[in-house]
Amino acid sequence: MVKIDFQAWLWVFCVIDGLAKVTNGLAKVTNGLAKVTNGLAKVTNGLTKVTNKLAKITNGLAKVTNGLAEITNGLTKITNGLAKITNGLAKALGALRYATTHPTGTMI
């Protein structure tokens, strides 16, 4: 008659079951790491898009600044032109005043 050591068999089955659980746990950890890696890739792609958008915004703001500088330069030229007109009108009025107060019309 064959004698079966049930306690030894029970121990073997417990070890096999434990190893199977460890293997399943490792598979879950591997899947979790894959999800983390995919998530990090998505975050990286998102940050790249944000960086690109910020670069476009910066370029746009630089263009706005340049446009405002051109406007300022144009306004300065207009102001200088108005000053020349004012000076010219003052000279013309001075000449008219002289001509009306000095009948000879000669200016020194």
*Taking only residues two or more places apart in sequence or in another chain, which ones pass salt bridge (charged side-chain N to carboxylate O under 4.0 Å, His left out) with K21?*
D17
*Any chance you could pull the hydrophobic cluster mates of I16, using side-chain heavy atoms under 4.5 angstrom and chaining through other members?*
W11, V12, V15, L19
Side-chain donor-acceptor pairs under 3.5 Å in residues 69-85, sequence neighbours left out?
| from | atom 1 | to | atom 2 | distance (Å) |
| --- | --- | --- | --- | --- |
| T72 | OG1 | L68 | O | 2.9 |
| N73 | ND2 | A69 | O | 3.4 |
| T76 | OG1 | T72 | O | 2.9 |
| T79 | OG1 | L75 | O | 2.8 |
| N80 | ND2 | T76 | O | 3.4 |

*Supply the members, apart from L33, of the Ile/Leu/Val/Met/Phe/Trp/Tyr cluster built from side-chain contacts under 4.5 Å; use none for a lone residue.*
V29
